[in-house]
> 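Handing you a structure now.
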Protein chains: 2
Amino acid sequence: MSLESVPPKYAQLVQALQRRIEAGTYPPGSLLPSEHQLIKEFSVSRPTVVAALRVLREQGWIDSQQGKGRFVRGRPAMASMESNRPGQAYLTDPETDTPGELVEAGAVTPSNRVASLLEMPPKGRAFLRRRLVAGDGEPTELVSLWLPLELSEGTDLTSGEPLREGVREHLTSRKGVRFDHIVEQITARMPTAQEAKQLGMPKNVPLLAVFGAVRDASGHPLAVVEVLLPADRHELEDAYPIA
Amino acid sequence: MSLESVPPKYAQLVQALQRRIEAGTYPPGSLLPSEHQLIKEFSVSRPTVVAALRVLREQGWIDSQQGKGRFVRGRPAMASMESNRPGQAYLTDPETDTPGELVEAGAVTPSNRVASLLEMPPKGRAFLRRRLVAGDGEPTELVSLWLPLELSEGTDLTSGEPLREGVREHLTSRKGVRFDHIVEQITARMPTAQEAKQLGMPKNVPLLAVFGAVRDASGHPLAVVEVLLPADRHELEDAYPIA
DNA sequence: ACCCGACAGGTTGTTTTACCAAGTTTGAGC
DNA sequence: GCTCAAACTTGGTAAAACAACCTGTCGGGT
C-alpha cells in the first residue's frame, strides 16, 4: 500500500513548467511552447495542458493572449513579500513576544469613530486594552484594542497581565468567534499632549493612525484595533500585484 | 454588427448561481444541486458546469467535497470591497477622466527617497509629471509621477496636454514595459508652504503621503507615484482577508 | 515601387461527448 | 445488526470540433 499517491498529471505539468521558468529555460518575456507542442512533449491531452496553464496564469507565472501565445512573466514577485500589516501582528502574536507596557485595560466610552466601526450606539461602552509597544528600548507604537463588552467577559484580556497567546487565538478558543477579514482605515493627525508624552515624540510631528475593524465572515464587527505610529520614525510598507 | 458580445456560457452560469445564493434560493450551509442536476436545468455539458463551479470555489462562494457535494458558503466577504489604492487609478485611468490641472512636467532632480525607489544615483535626473486633482471644484490630491528619463522619451507624458489614456496603457504601448506590482509606502508629514497653498489646506494639518514604486515582474523599478492627501479631508481605506 | 486587402496558418478560448477513479451514502441481503 | 454492493457524488483524463484572434504571405491594384 503505497502511501504516496501520485499527483494529477496537470499538477505535475505545473511543477515542470515552474522549474523550467526558474531555471531560465523559459526566460521572462519569452513565448512558452504552444499547447500543441506541450501535448507532444509530455504526451498528455489538451485539457490537461490547458488546466496546467490556467493554474500558472492564475498564479501569475505567465500571461496569455489569444492568437499570439503565452508569455513568461517569471516567478510571481509577490510570493515572498508577506504583508506587514500593523495590528495584524498584535492579533496573532502573544503580548509576551514583544517588549512593552500595558497602559490601560477597562471599560470606556469609545470615540465616535470606534463606536461606528463596532456598529454600537454612540454613547455605549466598550472594553479597551491599550499597550505601549517598545523597540530598541524606546516606545514606538501605541496599540489599542476595543471589544464589545460581552466579548471581553470571561477572557484574560481584562487582566493586567500580558497575554501569553495571540488575541485572535484567545478569543477563538474562549468565545468561539471567527476572524475573517479586516477593514482598514489609515489617517494622519497631530498627537494629543498625552500621546506625545507616552510615545516620547515631539508635539509638532504628525501621527499615522491605522484603524483596523476586525469582522467575521458575515461582516459583523468583532473588534477594532488602532495603531499609532510617530510619522518621523515609522512608515507603512506593503506590496500588491497590479490586476 | 452587434457590439454587445454574449458572455461565455460558464460565466453566465456563474452569475446565475451567484444571484441564487444572494437571493437565498441556495442558503449558506446548504447543498448545491449536483452537477447532473445543473446539466439538466441549464442544458449545458458537464465541463461547462464544472468550469463555473470551479470559478465559484476559487472566489470563495462554495466549498466542494468529493463524494458528498458542494456546499454554499455565502457571498465572499471581500467580493464587493475593491481595493481603493490611491495612485492605481492614476496609472490606469486617462487624465481626461478626472478634473484637474497639470502643474509641472519636465526633468528634475528627485528627492533621495524617489531616487532610491527608482534605484538611480542620488543626484541623477528623472522626469516628473505633477498634477493637481480636483473634486467638487476644490483641489483634493497632488499626484506626482517620476520616470527614468529614458522611459519618458517619445511619450506624450512630456507634453502639457492631459493624457487621453492611462499612464500604464501609454507606457505599455509606446515603450513596451509591463507593470507587474507596486511596493507602497505610506507616511505622514507636514505640508510645505507651496503644497499647502496648492491644496488649499491649513498649514497645521498633516499630509498623508503615499509612495508607490511600480515594478516589472523581475522587480526592476519602472516608475514612482506619489499621492499627497490632506489628512483632514481624506483617508485611506482598504480591506483584506486574514490568513 | 509601393500600398493594401484577402487569405492561409498559427495561436488560445469555449463547448461537447466519453470514460474512468475515488469518496460518500444508502439499502438490500445475509 | 452487520456486510457489502450499488448508486450517488466530485475529480481527472482523453479526443474532437468550432470560434476568435494574431501574423505572416501573396496577390492585385495604384
Side-chain angles (χ1 to χ4, degrees), chain A residues 1-18 20-21 26 28-73 243, chain B residues 1-18 20-21 26 28-73 169 172-173 176 178:
Chain A
M1 42 180 70
S2 70
L3 293 179
E4 60 274 26
S5 54
V6 290
K9 283 189 184 178
Y10 77 94
Q12 297 178 31
L13 225 182
V14 167
Q15 289 197 338
L17 294 175
Q18 282 175 344
R20 290 191 184 180
I21 291 176
Y26 302 147
S30 67
L31 212 52
L32 220 59
S34 74
E35 295 178 359
H36 184 61
Q37 289 173 297
L38 293 175
I39 290 171
K40 281 194 303 183
E41 175 178 355
F42 290 91
S43 303
V44 293
S45 71
R46 185 160 178 252
T48 305
V49 170
V50 170
L53 294 172
R54 177 174 49 73
V55 172
L56 287 176
R57 187 182 49 183
E58 283 168 355
Q59 293 186 356
W61 291 78
I62 62 175
D63 245 356
S64 64
Q65 209 169 326
Q66 188 174 87
K68 293 190 70 173
R70 291 180 160 95
F71 298 89
V72 178
R73 291 181 36 163
Chain B
M1 45 196 77
S2 69
L3 293 180
E4 62 276 19
S5 55
V6 290
K9 283 188 184 177
Y10 76 92
Q12 296 179 29
L13 225 182
V14 166
Q15 290 198 336
L17 294 175
Q18 282 174 345
R20 290 191 185 180
I21 291 176
Y26 303 147
S30 68
L31 213 50
L32 220 58
S34 73
E35 296 177 0
H36 185 62
Q37 288 173 298
L38 293 175
I39 290 170
K40 280 193 304 184
E41 176 177 356
F42 290 92
S43 302
V44 292
S45 71
R46 181 162 178 259
T48 305
V49 170
V50 171
L53 294 171
R54 176 174 48 72
V55 171
L56 288 175
R57 186 183 49 185
E58 284 167 355
Q59 293 185 355
W61 290 77
I62 62 176
D63 249 353
S64 65
Q65 203 170 330
Q66 188 175 114
K68 294 190 73 171
R70 292 181 160 94
F71 298 89
V72 179
R73 291 184 15 159
E169 189 182 352
T172 299
S173 63
R178 299 178 59 82

> When you compare the side chain of E35(A) with that of V50(A), does any pair of heavy atoms fall below 4.5 Å?
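In contact.
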> Could you state the CG-P distance from L31(A) to dG10(C), rounded to the nearest angstrom?
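Whole-Å distance recorded here is 15 Å.
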> In whole angstrom, give the distance that lies between atom CD of Q12(B) and atom P of dT14(C).
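Taking atom P of dT14(C) as the reference, CD of Q12(B) is at 12 Å.
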> Test R70(B) against every option in L38(B), L31(B), D63(B), L32(B) by the side chain to side chain contact (heavy atoms under 4.5 Å, CB included) rule and name the one that passes.
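Only one option passes, and that is L32(B).
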> Determine whether R73(B) and I62(B) make a side-chain contact, defined as any pair of heavy atoms from C-beta on separated by less than 4.5 Å.
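No; the side chains remain at least 4.5 Å from each other.
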> For R57(B), check salt bridge (Lys or Arg N to Asp or Glu O under 4.0 Å) against everything at least two apart and list the hits.
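Result, salt bridge (Lys or Arg N to Asp or Glu O under 4.0 Å) vs R57(B): none returned.
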> Please name the pair of heavy atoms, one in F71(B) and one in G29(B), separated by the smallest distance, quoted to 0.1 Å.
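Heavy-atom minimum between the residues: CD2-O, 4.0 Å.
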> Using whole Å, report how far CG of L13(B) lies from P of dT16(C).
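In whole Å, dT16(C) P and L13(B) CG are 10 Å from each other.
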> I need the CG-P distance between L38(A) and dG10(C), as an integer number of Å.
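Computing the L38(A):CG to dG10(C):P distance gives 17 Å.
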> Look at the side chain of E58(B) and the backbone N and O of V55(B), then say whether any donor-acceptor pair between them is shorter than 3.5 Å.
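No; judged by distance alone, with no hydrogens or angles, the pair does not exist.
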> For each nucleotide in nucleotides 6-16 of chain D, reading 5' to 3', give B when a protein heavy atom comes within less than 4.0 Å of its base, S when such contact involves only the sugar-phosphate, and - otherwise.
---BBBBSBB-
> Please state how far atom CG in L56(A) lies from atom P in dT12(C), giving the value in whole angstrom units.
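After rounding, the reported distance stands at 13 Å.
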